[in-house]
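Since the structure comes first, as structure tokens, the remarks are kept for the end.
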Protein chains: 2
Amino acid sequence: MPMGFQETFKALSDDVRREILLMLRNGKKSAGEIASCFDMTNATVSYHLSILKKAGLITEEKEKNYIFYKLNTSVFEDVMMWFAQFKDGKKSE
Amino acid sequence: MPMGFQETFKALSDDVRREILLMLRNGKKSAGEIASCFDMTNATVSYHLSILKKAGLITEEKEKNYIFYKLNTSVFEDVMMWFAQFKDGKKSE
DNA sequence: AATCTATTTAGAAAATTTTCTAAATAGATT
DNA sequence: AATCTATTTAGAAAATTTTCTAAATAGATT
């Protein structure tokens, strides 16, 4: 689903979106719960959620008329891998 | 020096800048050497270098009339730490 | 079926980022 | 001292991102 690193790193480059990710560490939260933590409209938070979703960092789950979001840890692993290239990278290159 | 994560993640969110970082894995390179790998003006690459420098991801070193850039691995460690928060984060929180 | 509740989508304005051209800087060479 | 070489800075244009308001969607309740 995620188009690649460009999209994922762009998603990670915003304070609000990183805050959302931290917020989801201990389990899923609805769009409304997430939005209530910020001083911006629900529409704007929804925009940020869509960016995180496109980047593959979160997934959604509909229940009643709520939409719950939760972390997709596998993409975090991928980003970690990218950083691993800088750990004593001299050997393989 | 780096103002914090916002700046560092913003710096990492651009393809050109991530490419520069990869390019510096096997040692320092001058601004000109770096610029020659891209299809953009030296001035533009200089702009990207300044963003990476402000983010603390690279440092510069003047020699003759060249300016050499190299990775500052300690800031990479810091970013890795941020990601570590998502690794089985349930216990401590 | 009408209404309510939670959320997203569309479209526009504001803010930020990226890129360029032209000029500036600064050390090295003639 | 004049010039050359490598690089950056300034300022503007173009592109992208963030935010808002208003309207749309869709499932739940009355």
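Convention: sequence-line order gives letters A, B, ...; per-chain numbering from 1. In this text the structure is predicted, and so the values were computed from the model without any measurement. FYI, side chains are in, hydrogens and waters are out, and symmetry mates aren't considered; it's all heavy atoms of this structure.
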Quiz item: Is there a side-chain polar atom (N or O) of B:S30 under 4.0 Å from OP1 or OP2 of D:dT7?
Solution: yes

Practice problem: Check whether any side-chain nitrogen or oxygen of A:Y47 sits under 4.0 Å from OP1 or OP2 of D:dT21, and answer yes or no. | Solution: no

Exercise. Can you tell me the distance, in whole Å, between the CZ atom of B:F38 and the C1' atom of C:dT18?
Key: 14 Å

Quiz prompt | Distance, rounded to the nearest Å, where A:D14 contributes CG and D:dT19 contributes C1' | solution = 11 Å

Exercise. Write down the partner of D:dA23 under the Watson-Crick or G-U wobble criteria, each distance required to be under 3.5 Å.
Key: C:dT8

Quiz item: Is it the case that one hydrophobic cluster holds both B:L57 and B:W82, taking links as side-chain heavy atoms less than 4.5 Å apart, direct or via other members?
Solution: yes

Exercise. Under 4.0 Å between any heavy atoms, over every strand shown, what does A:F68 touch: base, sugar-phosphate, or nothing? Just pick one.
Key: nothing

Quiz item: Once you round it to whole Å, what is the distance between P of C:dA15 and CG of A:D15?
Solution: 18 Å

Quiz item: If you pin A:S13 and B:A31 to their nearest nucleotides in DNA chain D, which one's is more 5'?
Solution: B:A31

Quiz item: Can you tell me if the side-chain N/O atoms of A:K64 get under 4.0 Å from OP1 or OP2 in C:dT5?
Solution: no

Quiz item: Among D:dT19, D:dT8, D:dA28, which is the nearest nucleotide to the side chain of A:M40?
Solution: D:dT19

Self-check item: Separation of D:dT30 P from A:N65 CG (nearest whole Å)
Solution: 12 Å

Self-check item: Spacing between A:I58 atom CD1 and C:dT7 atom C1', to the nearest angstrom
Solution: 13 Å

Self-check item: Distance test, side-chain N/O of B:T44 to OP1/OP2 of C:dT18, below 4.0 Å
Solution: no

Quiz prompt | A:I51 or B:I67, whichever maps to the more 5' nucleotide of DNA chain D | solution = B:I67

Quiz item: What orientation do A:F76 and B:F83 show, parallel under 30°, tilted 30 to 60°, or perpendicular over 60°?
Solution: perpendicular

Quiz prompt | Any strand: nucleotide that pairs with C:dT3 via Watson-Crick or wobble, under 3.5 Å | solution = D:dA28

Quiz item: Is any side-chain N of the basic residue among B:K87 and A:E77 closer than 4.0 Å to the acidic one's carboxylate O?
Solution: yes

Quiz item: Contact class for A:Y69 vs. all strands (heavy atom < 4.0 Å): base, sugar-phosphate, or nothing?
Solution: sugar-phosphate

Quiz item: Once you round it to whole Å, what is the distance between P of D:dT16 and CD of A:E7?
Solution: 14 Å

Exercise. Please determine, for the side chain of A:Y66, which listed nucleotide (C:dC20, D:dT19, C:dT7) has the closest atom?
Key: C:dT7

Self-check item: Flag side-chain contact, heavy atom, 4.5 Å: A:F5 against B:R18
Solution: yes

Practice problem: Report the distance from atom CG of B:L49 to atom P of C:dT18, rounded to the nearest whole Å. | Solution: 13 Å

Quiz item: Got a salt bridge between B:E7 and B:K54, using NZ or NE/NH1/NH2 to carboxylate O under 4.0 Å?
Solution: no

Quiz item: Is there a Watson-Crick or G-U wobble partner for C:dT17 with both distances under 3.5 Å, and which nucleotide is it?
Solution: D:dA14

Practice problem: Taking only the side-chain heavy atoms of B:T41 (C-beta and beyond), determine which of C:dA28, C:dT5, C:dT21 contains the nearest atom. | Solution: C:dT21

Quiz item: The side chain of B:H48 lies closest to which of these nucleotides: D:dT5, C:dT18, D:dT8?
Solution: C:dT18

Practice problem: Give B:K10 one of three labels, base, sugar-phosphate or nothing, depending on what nucleic acid heavy atoms sit under 4.0 Å from its own. | Solution: sugar-phosphate

Exercise. Answer yes or no: is there a side-chain heavy-atom contact under 4.5 Å between B:Q85 and A:L22?
Key: yes

Self-check item: Atom-to-atom span, NZ of B:K54 to P of C:dT16 - whole angstrom
Solution: 14 Å

Quiz item: Out of C:dT8, D:dT8, D:dG27, which nucleotide sits closest to the side chain of B:N42?
Solution: D:dT8

